Every structure is written in C-alpha cells, then in structure tokens.
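Structure first, commentary second.
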Amino acid sequence: VQLVESGGGLVQTGGSLRLSCVASGFTWHTYGIGWFRQAPGREREGVACINLNSGVTNYADSVKGRFTTSTDNAKNTAYLQMNSLKSEDTAVYYCAADLVLCGLHEVDYGNWGQGTQVTVSS
C-alpha cells in the first residue's frame, strides 16, 4: 500500500486548501481512508474519514462543517477540502488507509502517507 499526500501549504486565516491522497496497492472499494493531523507537541488526531465502498463519512467535532472529504474513484484519490481555516488547524496532515469502515482512531490504520504541512497564519 502506498499513499502520497499533496496540497499542503501556507494560507491565511479564513482561507481554504485542498489536500489530495493518491493511493495504490490495494483494492480501492474494500478500504476506508482516514485523515489525521499532528500539531507540534500534540498527539495525532483523526479529523475525517470516508469508506471507499459506501461513501460514508465522519468528522471530528473540531472540523465539522468546515472540512469535507471526498474521492475520485477513477483516480484512486481521496481529498480533504478545508475551508474557514483557523490557526489551530496548523499541523502536519496525513492520510491513512486500511480495511476499516470509517475510523478516526490511529489504531484503525496500518498504512500511512508521508504527511503534508498545513500552516495557517493570522
């Protein structure tokens, strides 16, 4: 399994970014993909997930209404659209994949991307 994230960068408060996660090495519709982030000095936290078969999604309360995860099945790519960004969203963002329905817990996933930095400036 290989996961490659992209799309991070520097954005002002209130701005938007879209992260991409290109996946390979597994049967697409059998997995779930989770999005996680880790800020300096803090534990990694799950922010969103999507089941690649049903399209079911789930979000952490901290991002609900601002972040949306989706997929382009033809491209084996998952996306995390992040709107109304806040300084507290600054973190390294990771996508993860495994045989899960849709999990926001780190232990649910055994396959991880390399991460992409998102910095929100005020």
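By convention here, the first residue in the shown sequence is residue 1. Computed from a predicted structure; not experimentally measured.
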Applying ring-ring contact (aromatic ring centres under 6.0 Å, His included), can you list everything that pairs with Tyr93, at least two apart in sequence or on another chain? none
Side-chain contact, heavy-atom cut-off 4.5 Å: Ser121 with Leu10? yes
Is Val22 reachable from Leu19 through a run of I, L, V, M, F, W or Y residues, each pair having side-chain heavy atoms under 4.5 Å apart? no
Carboxylate-amine/guanidinium contact Lys64 Asp61, below 4.0 Å: yes
Between Ser84 and Ser16, which heavy-atom pair has the shortest distance, and what is it? N-OG, 4.4 Å
Look at the side chain of Asn51 and the backbone N and O of Cys102, then say whether any donor-acceptor pair between them is shorter than 3.5 Å. no
Could you check if a side-chain atom of Tyr109 sits within less than 4.5 angstrom of a side-chain atom of Val1, using non-hydrogen atoms only? no
How close do Ala48 and Tyr59 get, heavy atom to heavy atom, and via which atoms? CB-CD2, 3.6 Å
To the closest 0.5 Å, what do you measure between SG (Cys21) and CG (Leu80)? 10.0 Å
Taking Thr116's backbone N and O only, do any of them form a donor-acceptor pair with Glu5's side chain (distance below 3.5 Å, no angle check)? no
Donor-acceptor pair, Ser87 side chain versus Val120 backbone, under 3.5 Å? no
Report yes if the side chains of Ser62 and Arg37 come closer than 4.5 Å at any heavy-atom pair, otherwise no. yes
Ignoring hydrogens and angles, tell me if any N or O in the side chain of Thr69 forms a donor-acceptor pair with the backbone of Tyr79 under 3.5 Å. yes
CD of Gln114 to SG of Cys95: how many Å apart, nearest 0.5 Å? 7.5 Å
Report yes if the side chains of Glu106 and Tyr94 come closer than 4.5 Å at any heavy-atom pair, otherwise no. no
Looking at Thr90 and Gln117, what are the two nearest heavy atoms and their distance? CG2-NE2, 4.0 Å
Kindly compute the distance separating CG (Asn58) from CG (Leu104), expressed to the nearest 0.5 Å. 4.5 Å
Cluster question for you: counting only ILVMFWY and a side-chain heavy-atom cut-off of under 4.5 Å, with indirect links fine, are Ile50 and Leu99 together? yes
Could you check whether Phe67 and Trp35 have their ring centres less than 6.0 Å apart? no
Can you tell if the side chain of Met82 reaches within under 4.5 Å of the side chain of Val118, non-hydrogen atoms only? yes
Would you name the heavy atoms of Asn73 and Thr71 that are closest together and state the gap between them? OD1-OG1, 3.0 Å
Arg44 to Phe36, cation-pi by 6.0 Å centre distance and 45° axis angle: no
Any donor-acceptor pair under 3.5 Å linking the side chain of Asp72 with the backbone of Thr77? no
Output yes when a side-chain donor or acceptor of Gln38 lies under 3.5 Å from a complementary backbone atom of Ala91, and no otherwise. no
Is it the case that more than 12 heavy atoms not belonging to Gln12 sit under 6.0 Å from its CD atom? no
If I take atom CG from residue Asp98 and atom OG1 from residue Thr30, how far apart are they, to the nearest 0.5 angstrom? 9.5 Å
Should Trp28 and Ile33 count as side-chain neighbours, where that means a heavy-atom distance under 4.5 Å? yes
For Asp89 and Arg66, the nearest pair of non-hydrogen atoms, with its separation, is OD2-NH1, 2.7 Å
